[in-house]
Amino acid sequence: MYALKNSLLVSVLLACIWTVSASAADITAGEQKAANCMGCHGPKGKSSSAQWPNLAAQQSTYIVNQLNAFKTGTRNNPMMQSMAANLSDEDINNLAAYYSSQPPVSAGGTRIWQNQVKPTQVCV
């Protein structure tokens with residue numbers, strides 16, 4: 001029981017530390033740095049192509065992890081590796097803060113209920 005209580009306490013403390021470091025990032029600096037990302041990920045992280053994901057409203061820890069994976073080469077994508085190669089840790093945190101502060105957007109696709117398509121006509 002004592003070990004469970006301590007592990008819960010450590011988890012809560014780590015969550016607080018991660019939250020504080022993510023919120024300390026500069027959203028304005030992230031917005032300026034995001035100008036390089038607009039060509040593929042769209043303005044404010046709202047991609048108009050299914051080829052590139054939306055970054056708007058993505059969790060900041062996810063963005064940090066993915067950019068670091070591209071930077072270190074543990075995630076393979078030549079375009080993103082070259083984009084992330086010159087980003088500092090501060091740049092990555094600022095980008096993550098900026099994109100996570102954007103409102104979410106729809107992933108797109110056909111909305112069944114708007115086009116009167118019966119669910120049985122849709123291939124799943």
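Computed from a predicted structure; not experimentally measured.
- Under the side chain to side chain contact (heavy atoms under 4.5 Å, CB included) criterion, Ala29 pairs with Asp26, Asn94, sequence neighbours left out.
- With sequence neighbours excluded, the residues satisfying side-chain hydrogen bond (donor to acceptor under 3.5 Å, both in side chains) with Ser88 are Asp91.
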Side-chain polar contacts of residues 38-48 - donor-acceptor pairs under 3.5 angstrom, sequence neighbours left out - could you list them?
from	atom 1	to	atom 2	distance (Å)
His41	ND1	Pro53	O	2.9
Ser47	OG	Ser49	N	3.2
Ser47	OG	Ser49	O	2.9
Ser47	OG	Trp52	O	2.8

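- Taking hydrophobic clusters as Ile, Leu, Val, Met, Phe, Trp and Tyr residues chained together by side-chain heavy-atom distances below 4.5 Å, Ile27 shares a cluster with Leu67.
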Without placing hydrogens or testing angles, list every side-chain donor-acceptor pair under 3.5 Å for residues 69-80, not counting sequence neighbours.
from	atom 1	to	atom 2	distance (Å)
Lys71	NZ	Leu87	O	2.4
Thr72	OG1	Asn68	O	3.0
Thr72	OG1	Ala69	O	3.4
Thr72	OG1	Thr74	OG1	3.3
Thr74	OG1	Ala69	O	3.3
Arg75	NH1	Gln66	OE1	2.5
Asn77	OD1	Met79	N	3.1
Asn77	OD1	Met80	N	3.0

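- The nearest pair of heavy atoms linking Cys37 to Leu95 is SG-CD2, 4.3 Å.
- Shortest non-hydrogen contact noted between Tyr98 and Gly30 is CB-C, 3.8 Å.
- Residues Ser100 and Ala97 share a closest heavy-atom pair of OG-O, 3.2 Å.
- Of all the heavy atoms in Ala25 and Asn93, the pair that sits closest is CB-O, 3.3 Å.
- Between Tyr99 and Leu55 the shortest heavy-atom distance is CB-O, 3.5 Å.
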